[in-house]
Amino acid sequence: MAQPHPDESNATPGPEARLSRLEAQVATLAEAVRVLAHGLENIPSEDVPPEEAARGARLAHELLLSQGL
């Protein structure tokens with residue numbers, strides 16, 4: 001279950017605040033996907049250790065958690 005964002009209040013945010021928050025969430029998701037994809041890259045001519053995939057997944061997860069997603 002998602003935890004409330006620390007700066008959320010009981011008041012309904014206006015459209016600008018909602019858009020700003022949505023933009024921040026999309027940016028965080030994009031960064032998490034980039035980190036995860038980088039960890040999963042596998043160039044056939046190079047040996048990529050399995051730790052790289054695990055590291056990418058961990059970093060993506062930490063990014064999402066840090067933003068309350």
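Every heavy atom of this structure was used, including side-chain atoms; hydrogens, water molecules and symmetry mates were not. All residue numbers refer to positions in the sequence shown, counting from 1.
With sequence neighbours left out, the side-chain contact (heavy atoms from CB on, under 4.5 Å) criterion links Arg18 to Pro13. Under the side-chain contact (heavy atoms from CB on, under 4.5 Å) criterion, Arg34 pairs with Glu31, not counting sequence neighbours.
Taken to the nearest 0.5 Å, the CD atom of Glu51 stands 11.0 Å off from the CZ atom of Arg58. Within the model, atoms NE2 of His61 and CG of Leu69 stand 11.0 Å from one another, a figure rounded to the nearest 0.5 Å. Here the CG atom belonging to Leu64 is positioned 6.0 Å from the CG atom belonging to Leu29, to the nearest 0.5 angstrom.
Looking at every heavy atom in both residues, Ala60 comes nearest to Ala32 through CB-O, 3.5 Å.
A 4.5 Å side-chain heavy-atom check between Leu59 and Leu36 finds every atom pair outside the cut-off.
Not one N or O on the side chain of Ser20 forms a donor-acceptor pair closer than 3.5 Å with the backbone of Glu16.
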